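Accompanying notes for the structure given below.
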Amino acid sequence: MATLHLLSHSPFSDTRLDSCLRLLGPGDGLLLCGDATYALQPASRHIRALAQLDEGIELFTLEEDMQARALQAGPVQVIDYPQFVALACRFDKVNSWL
C-alpha cells in the first residue's frame with residue numbers, strides 16, 4: 001500500500017526527515033513543504049540523502065515554498081497546490097509527520 005509522506009519541519013531542527021527516510025518503501029512518495037524544503041539546499045547532507053532514494057520512491061516539493069525560500073529545484077518534482085490535491089488522491093494513504 002503506497003503512502004504519501006508529508007514533511008513540513010526543517011531538517012535542521014529535528015530528526016523527522018531522517019526517520020521518514022528510513023520508513024519509505026517502494027511506491028511511496030515524499031512531499032517536502034514549508035521549512036522541510038530547506039533539505040534541498042545544495043551541498044547539505046539532506047540533499048545527498050534525498051538524491052540516493054530508491055528509484056521507486058517519488059520526491060515532491062511545493063513550488064510556492066521553494067520560491068518563498070529562494071531555493072532551486074534539485075532531484076525533486078516541483079508541484080503546485082492543485083497537483084498536491086491530485087497527488088494526495090493518487091496514494092493509498094497520506095501520513096503527515098507532525
Side-chain angles (χ1 to χ4, degrees):
M1 197 176 277
T3 301
L4 176 63
H5 298 265
L6 306 179
L7 193 61
S8 62
H9 294 272
S10 171
F12 299 101
S13 65
D14 59 37
T15 60
R16 283 175 239 218
L17 176 61
D18 296 326
S19 297
C20 178
L21 293 178
R22 284 193 303 272
L23 294 177
L24 290 174
D28 283 353
L30 172 59
L31 173 66
L32 300 174
C33 56
D35 286 343
T37 57
Y38 285 123
L40 299 170
Q41 289 181 323
S44 71
R45 74 173 181 88
H46 306 292
I47 198 163
R48 287 192 301 272
L50 292 168
Q52 294 180 3
L53 288 175
D54 291 340
E55 268 186 42
I57 298 172
E58 295 181 88
L59 180 59
F60 306 93
T61 189
L62 288 172
E63 181 178 30
E64 183 176 290
D65 293 333
M66 294 289 286
Q67 289 175 349
R69 290 157 182 83
L71 294 169
Q72 301 295 316
V76 62
Q77 298 176 56
V78 181
I79 62 172
D80 58 20
Y81 280 100
Q83 291 170 311
F84 172 31
V85 172
L87 190 63
C89 293
R90 191 182 99 200
F91 283 86
D92 298 316
K93 296 188 303 185
V94 177
N95 181 35
S96 181
W97 290 76
L98 299 176

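Residue numbers count from 1 along this sequence. Quick caveat, the model's predicted, so the values are computed rather than measured.
Side chain of Gln52 to main chain of Ala49: no donor-acceptor pair is present (N/O by atom type, distance under 3.5 Å, no hydrogens or angles). With Arg69 contributing its side chain and Thr37 its backbone, the two residues share no donor-acceptor pair below 3.5 Å.
Here His46 pairs with Phe12 under the ring-ring contact (aromatic ring centres under 6.0 Å, His included) rule; sequence neighbours left out. Remark: Asp28 pairs with no residue by the salt bridge (charged side-chain N to carboxylate O under 4.0 Å, His left out) rule, at least two apart or across chains. A search for side-chain hydrogen bond (donor to acceptor under 3.5 Å, both in side chains) contacts involving Arg22 returns Ser19, not counting sequence neighbours.
Residues Asp35 and Pro11 share a closest heavy-atom pair of O-CD, 3.8 Å. The two residues Arg16 and Asp14 have their closest heavy-atom pair at NE-OD2, 2.6 Å.
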Can you list, pair by pair, the side-chain donor-acceptor contacts under 3.5 Å of residues 87-96, counting residues two or more places apart and other chains?
| from | atom 1 | to | atom 2 | distance (Å) |
| --- | --- | --- | --- | --- |
| Arg90 | NH2 | Glu58 | OE1 | 3.4 |
| Arg90 | NH2 | Glu58 | OE2 | 2.1 |
| Asp92 | OD2 | Ala2 | N | 2.9 |

Could you pull out all donor-acceptor pairs under 3.5 Å where a side-chain atom in residues 61-68 meets a protein atom, sequence neighbours excluded?
| from | atom 1 | to | atom 2 | distance (Å) |
| --- | --- | --- | --- | --- |
| Thr61 | OG1 | Leu32 | O | 2.9 |
| Asp65 | OD2 | Gly34 | N | 2.7 |

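No donor-acceptor contact under 3.5 angstrom links the side chains of Trp97 and His9, judged on distance only.
In the hydrophobic cluster analysis, where Ile, Leu, Val, Met, Phe, Trp and Tyr join through side-chain heavy atoms closer than 4.5 angstrom, Val76 is grouped together with Leu17. In the hydrophobic clustering of ILVMFWY residues, with side-chain heavy atoms under 4.5 Å counting as a link, Leu53 and Leu23 come out together.
Using a 4.5 Å cut-off on side-chain heavy atoms (C-beta onward), Arg45 and Asp18 make contact. Looking only at side-chain heavy atoms (C-beta outward), Leu30 and Leu50 come within less than 4.5 Å of each other. Looking at heavy atoms from C-beta onward, Leu31 lies out of side-chain contact with Leu59 at the 4.5 angstrom threshold.
Distance CG/Leu71 to CG/Leu40: 6.5 Å, rounded to 0.5 Å. To the nearest 0.5 angstrom, His5 atom NE2 is 8.0 Å from Ile57 atom CD1.
Within the structure, ring-ring contact (aromatic ring centres under 6.0 Å, His included) contacts touching residues 69-89 (residues at least two apart or in different chains) do not occur.
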Derivation and outcome, side-chain contact (heavy atoms from CB on, under 4.5 Å), residues Ile47 and Gln41: CA-CA 7 Å; Ile47 198 163; Gln41 289 181 323; over 6 Å; no

